[in-house]
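Data block below; observations after.
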Amino acid sequence: MMFLEYTLIGIAAGGIYGLVALGFVFIFLASGVFNFATGQMMMLGAYFFFAFSRLPGVGWPLAIVLAMAASIALASVVEWLVIRRLIGQPVIAAVMVTLGLGWMLQGTASLVWGQVPQQLPNILPRSPVAVGGILVPGRSLWGFAIAVVVALASVLFFRYSRTGVALRATASDQITAYSMGINVPASVRLTWIMAAIATTFAGIITGAINGLTPDLSNVAINVLAVVLLGGVNSIGGVILAGFIMGWVETMSGVYLGGKWREVIPYATVLIVLMLRPNGLFGSKPVERI
Amino acid sequence: MDTIAAAPPARARTAAARAVVYAGAALVFLALPWVSSGYVLFLVCLCSINVVATLGLNITTGYTGLLSLSHAAFVAVGAYTTALLSNHWGASIPLCIVASAVVASLVGGIFGLPSFRLKGVYLAVATLAAQYTIIFILREGGKVTGGDSGLALTMPHLAGWALDSNARFYFVIVPVTALAIWVARNLFQTRIGRAFIAIRERDFTAEAFGIDLLRHKAVSFMLGAAYAGVAGSLLAGFMRVVTPEQFGLTESVFYLAAVVVGGAGSIAGSIVGAVFMTLVPEFLAFALNKTQGLLQFQALAVLGSVREIAFGAIIVAFLVLEPRGLIEVFRRVLARVRARAAPAGGSATCDGSTGES
C-alpha cells in the first residue's frame with residue numbers, strides 16, 4: 001500500500017517535470033538551442049504571478065493572465081536581443097549564453113524579492129483526493145492534471161495545426177523551411193513564447209505547492225535529466241520521462257533517504273545514456289562528414 | 001633582396017626583446033612579495049590558481065570542443081587529495097600536486113566515459129551528473145572528507161620548509177602556473193594537441209583522417225581534469241581549508257565563463273579570462289562599498305545577487321558581441337596601435353614587395 005501510494009505521489013510530481021521539460025523541447029526543436037535558463041524562466045513566471053496577485057483588485061485568474069503576458073514579453077525580448085544574434089554560432093555559445101541569462105534572471109529575482117519564502121495565493125484545492133482507495137494530496141493531483149492537459153494540447157498543436165507543422169519543418173531543416181516560405185525567425189520566437197507559457201504554468205503550480213523562493217529554479221536541474229532521459233527531440237518522450245523521473249525521485253527519497261534525491265536522477269540518466277545515447281525515445285540525428 | 005638582408009637583424013631584435021621581457025617578468029616575479037600589499041599578493045595567487053584551472057578547461061572545452069560542466073568537481077578532487085595527503089602523511093607540496101593531478105585525471109577519465117558516446121549538449125548534462133555525484137560523495141564522506149564542514153589542512157611544506165605565509169606560497173603557485181602555461185602551449189604543437197583541434201572542428205572528419213576519437217576524447221578529458229587537480233591542490237594549500245561548497249556548479253560555470261571571456265581555444269585567452277573573472281567580484285565589492293552610502297543599501301546584502309547579474313551579463317555580452325573573447329579585443333587594439341605607430345615602416349615593406357614582383 002505504501003508503495004502504491006508513493007507511486008501515485010511520485011507520478012503526480014513528475015507531471016511538473018514533464019511540463020518544464022516541454023519548455024526545453026519546444027525551443028530545442030525549432031532552433032537547436034538547449035535553454036539552461038528554463039528554471040529561471042519558471043521561477044520568474046511564478047514571481048510575476050506573485051507580484052500581480054498582490055496588486056489591489058487583481059484576483060488570481062487575472063494575475064495568471066498578467067504573469068503569462070509578462071513572461072511572454074520577457075521571452076520575446078531575450079529571443080530578439082540575444083538568441084537571434086547567435087544563429088550560426090557553435091552549440092557551446094548558445095549553451096553558455098543561456099547559462100549567463102539564467103544567472104542574470106536569478107540575481108535579479110533575489111535582488112528584487114530577496115531569499116524570504118513567499119506564499120502564493122491558494123489556487124489549487126488542498127483537500128486530498130481518493131484515487132482507487134489511495135489518498136493523494138489534492139494540490140499534487142491538480143498540478144498533475146493541469147500538466148497533462150497542457151502537454152496534450154501542445155502535442156496536438158505540434159502534430160495537427162498549421163503553425164505546428166511549420167515549427168516541425170523548421171526543426172528538421174531550417175534552410176528548406178525557409179525556401180518553403182516558412183518564417184523561420186518567427187517560428188523560433190514562437191517556441192520561446194510557448195516555452196514561457198509552459199514554464200510559467202509549471203512555476204505557478206510548483207510555487208503554490210512548495211512556496212516561492214528564487215531557488216525554485218533548481219527544479220530545472222532535475223528537468224535536464226528528464227529531458228535527456230526522454231530524448232531531447234521527442235515531446236511525448238519527455239512527458240513520459242517526467243513521470244518516470246518523478247517516480248524514481250520520490251521512491252529514492254522514501255527508501256534511501258532525502259539526500260539521495262539529488263543524485264539518483266542523474267545516476268539514472270547517466271546509465272540510460274550509456275546504453276541509449278539519444279535517450280529512451282529520442283531519434284538519432286543524421287550527421288554529415 | 002632587401003627583405004632577406006633585413007631579416008636577421010629583425011629576428012635578433014625580437015630575440016633581444018623577448019629576452020628583455022623574460023628578464024623583466026622574472027624581476028617582477030621576484031620583487032612582487034616585497035613591494036606589494038598582502039591583498040594584492042593574495043589576488044595574484046588566486047588569479048594564478050584560476051589560470052591553471054581555466055587552462056585545463058580550455059584544453060577540454062576550448063580546444064577539443066567537449067563541453068564540461070564539472071570542472072569545479074575535478075578541482076575539488078585535487079583539493080581533497082592534497083588535504084588528505086598532507087593531513088595523514090605530511091606529504092610535501094610537490095608530491096601533493098603530482099598526486100592530485102593523477103587522482104583528478106583518473107576521476108576525470110571515469111566520468112569522461114560518457115563522452116565516448118555523447119556529444120554537445122548531451123555531454124554537458126552528463127558532466128552535470130559528474131558534478132553532482134562528486135560533490136555528493138564529498139558531502140557524504142563522513143570522517144574521511146569531513147562532510148559539509150570539509151577539512152582543515154595542516155601547514156603545507158616544501159621539503160621541510162614551512163609555507164606559512166602567502167608570500168612563501170606565492171613562490172610555489174606562480175612557478176607551477178608558469179610550467180602549466182608552458183606545457184599547454186607546447187601541447188598544441190604535438191600530434192595529440194592537433195588531433196584535439198581536429199576533433200573540435202568536425203569529429204567524424206577527424207576520425208576519417210585516422211584520429212582515434214575515443215582515445216583522444218578520453219585523453220583530453222583527463223588532461224583537463226589533471227590541470228583542475230593541480231589547481232585544486234594549490235587552492236587547498238593556499239586556503240588551508242576545503243569544503244564541498246567551494247566547488248559547486250556555480251564554480252564550474254565560473255571556469256566556463258573564464259574560458260569564454262578570455263577566448264576559447266587560446267592559451268593567452270585562458271590567462272586573461274581567468275584574471276578578469278577573478279577580479280570582477282573584487283571590483284564589484286569595491287564599487288558597492290563606495291556607493292552604498294549614496295544609494296541607501298547594504299553592500300553585503302546585495303553583493304551575491306549583483307555578482308550573479310554581473311557574471312551573467314558578462315557572459316552574454318561577450319558571446320553576443322565578441323565570441324572570440326578578450327584576447328581578440330587585445331589583438332585588434334594592438335594591430336590598430338601598430339598600424340598607427342609605424343606608417344613609414346609599413347609603406348617601406350609594401351614598396352619592397354611590389355618592386356620585387
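Just so we're on the same page: letters track the sequence lines, and every chain starts at 1.
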Over 12 non-hydrogen atoms of neighbours within 6.0 angstrom of CZ in Arg54(A): no
Greater than 12 external heavy atoms within 6.0 Å of Glu245(B)'s CD: no
Part of Val316(B) lying under 4.5 Å from any heavy atom of chain A: both
Which portion of Leu69(B) sits near chain A, non-hydrogen atoms under 4.5 angstrom: side chain
Heavy-atom side-chain contact between Leu111(A) and Ile309(B) under 4.5 Å: yes
Whether over 12 other heavy atoms sit under 6.0 Å from Phe286(B) CZ: no
Max heavy-atom pair count under 4.5 Å with chain A, selected residue of Ile135(B), Leu321(B), Thr250(B): Thr250(B)
Portion of Phe36(A) that has a non-hydrogen atom of chain B nearer than 4.5 angstrom: side chain
Choice from Leu256(B), Leu128(B), Thr133(B), Thr61(B) maximising heavy atom contacts with chain A below 4.5 Å: Leu256(B)
Steps toward side chain to side chain contact (heavy atoms under 4.5 Å, CB included) verdict (Leu99(A), Ile315(B)): CA-CA 8 Å; Leu99(A) 278 171; Ile315(B) 295 174; 5.6 Å; no
Proximity breakdown for Glu207(B) and chain A, heavy-atom pairs closer than 4.5 Å: neither
Heavy-atom closest pair, residues Ser305(B) and Gly107(A): CB-O, 3.5 Å
